[in-house]
2 protein chains.
Amino acid sequence: MPRSRHSDALRAAQMYYLQDLTMDAIARELRTSRSTVSRLLSSARDTGLVQIQIRSPLDTAPELEGMIRSQYGVDVHVVPVLDTLNEAETLDRVAMQAARTIGPLVDSNAIIGVAWGATLSAVSRHLTRKITHDSIVVQLNGAGNMQTTGITYASDIMRRFGSAYGARVEQFPVPAFFDHAATKTAMWNERSVQRILALQARMSIAIFGVGSVDSDYPSHVYAGGYLDERELSLLAADDVVGDVATVFFRSDGSSDGITLNERSTGPSHDQLRQVRRRICVVSGASKINGLQGALAAGLATELILDEASARRLVSFGAQS
Amino acid sequence: MPRSRHSDALRAAQMYYLQDLTMDAIARELRTSRSTVSRLLSSARDTGLVQIQIRSPLDTAPELEGMIRSQYGVDVHVVPVLDTLNEAETLDRVAMQAARTIGPLVDSNAIIGVAWGATLSAVSRHLTRKITHDSIVVQLNGAGNMQTTGITYASDIMRRFGSAYGARVEQFPVPAFFDHAATKTAMWNERSVQRILALQARMSIAIFGVGSVDSDYPSHVYAGGYLDERELSLLAADDVVGDVATVFFRSDGSSDGITLNERSTGPSHDQLRQVRRRICVVSGASKINGLQGALAAGLATELILDEASARRLVSFGAQS
DNA sequence: AAGCCAATTGCACAAACGTGCAGAACGGAA
DNA sequence: TTCCGTTCTGCACGTTTGTGCAATTGGCTT
């Protein structure tokens, strides 16, 4: 009987994680070597056969989480990270924990909206596989700009999500911002675009980072080729503090009258707030302003962020 | 800042399981020794902070499980165990895996009905903790017999369930069988008994083994002091093949006209079938007859059993 | 303040584990 | 059949992890 690799992995995982046998003992039962068992187990882990999750009982959660939860009304996951780590290391660890936290939330028949950006890119690299049926990954906003069509960058992110969850991927091949609002109106009437918009309207999960205009390190969108001088000054005049999926907002969460949003391809905040699970991933000290605005706008139902940011967020909220 | 042991365990678990750091690295971040981290992690595991579960996608499940599932319409978890192991070792491993499989099914506000017997005793020894709120563990059937009141034996089982899930424990201080049906009727009108019966009626989960009259190794109930000669021959005359919570059934699942059931303290099969999740744990070759009858009666929604029994069950079903 | 018990810590050693590497097994294509 | 490229396996080594033990800490009583 040629027991398949997959079913061996299942047996091994049951014996290892549910019966506490050592790999040695399992190897003997499976008539193979211990190293093979080690490999079977790691394949079981990263094909999603073994699900490890950490559930901190809400009432005993560390105070930091409790304070954010009560201040902003979101489910928080604070990622423990030393303050001394640099941005890149912090991002990596936040991304890994975010990826593993998201995993259990993805179900069959899900429609998963995914934005793009440095944060999402990092998250996408750490996703663990989980087999689902008839799931769809849909891009939230266009990625093209003046220099590139943005296809490869954003589509790599999408593809990784798709293959982790065995989902169909639906790209959104438009620029991040149209030059003319009229062009957007025209395109939004195209059936190819409407198909994507219809999917977005049915999303069950949305995953995004935030852009922030913190003076020290402005995010991707504010620096790299998406907006010109005049547009940036428009944003400043409108008191914009950040964006989610290239849709901008002010510090109080409002976004009415921000003209650039009329040319943006991301979902309106009203539309985004319709989505049941809205997961926001944030890493790095320079995102406080944007994050605070996004929370004020009620864009997220779950927030995953590093410890340092969490602390700044709490003191930020306390003083206001 | 005196970070509590619990919150350290949470941090450590996040770093270890969600960020793939080594214990060494975690120890440095927490400013403690690696061995402490090792201990923090094991405490995180067995206080239920870390939940490990194995989800075999139903469509790729090993054929054995698929066959039982389709033949009997229950959710099956086959425990991989070498056929050469003895009864005690098999029981231990089935019990451990059963305990860890049950864990994730227990929620807050659950009312958990628990039977007693060798199998349940073993399971109760391997439960992993999981904090729930306002859960109740209620005993399914009395445990007294002619020699003992059965209190300690059954109550140990109940107590372990209760402390694993932080649940209130409700014992059922009656004998397994009354000598006279009239006494049962009388007792069933007592308010103290009715309180238990009311809880049983609201159960959301029931957990039980099966008794079997397989000639080689009759179960506890059929051997040890619960029934006298005359009663045993009554059972034989009624073609009884086994019991669940001291309520008997025939091979086809029927139980009408089995007079001993009128004196038994367990829930009637009709009542049991009202419970949403009914988990049956079976270990050992000598339980096939009882198990087959229990399945025919539709008493279980989930079945956890060892591999050898699973195979016998399939061939048993095929020939009939 | 002194004394005691229980809980917690770090050390050191043994056990368990992950992985690069070289050889074996497999699966087409010629 | 032979060849070649790919995948899988076991070995050996270094790393990571569990745990008995003695020392220490911290709380509580006298």
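Everything numeric in this text was worked out from a predicted model, so none of it was measured.
One finds a side-chain N or O of B:Thr32 lying less than 4.0 angstrom from the OP1 or OP2 phosphate oxygen of C:dG10.
Side chain to side chain, A:Gln51 and B:Gln53 fail the donor-acceptor criterion of an N or O pair below 3.5 Å. Side-chain contact check for B:Arg39 and B:Ser43: no donor-acceptor pair (N or O, by modelled atom type) lies under 3.5 Å. One side chain, A:Arg125 or A:Ser121, offers a donor N or O that lies under 3.5 Å from an acceptor on the other.
With respect to the salt-bridge test (charged N to carboxylate O, under 4.0 angstrom), the residues B:Glu307 and B:Arg311 qualify. Taking the charged nitrogens against the carboxylate oxygens, A:Asp20 and B:Arg100 do have a contact shorter than 4.0 Å, which makes a salt bridge.
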Base versus backbone protein contacts along nucleotides 16-25 of chain C [heavy-atom cut-off under 4.0 Å; B, S, -]: SBBBB-----

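A straight line from CG of B:Leu40 to P of D:dT17 spans 14 Å, rounded to a whole angstrom. A:Asp8 has its CG atom 13 Å from the C1' atom of D:dT9, to the nearest Å. The CG-P distance, from A:Asp20 to D:dT19, rounds to 10 Å in whole Å. Note: CZ (A:Arg28) to P (D:dG10) measures 14 Å, nearest angstrom.
Tested against A:Asp75 for a salt bridge (charged side-chain N to carboxylate O under 4.0 Å, His left out), the candidates A:Arg277, A:Arg55, A:Arg69 yield a single pass: A:Arg69.
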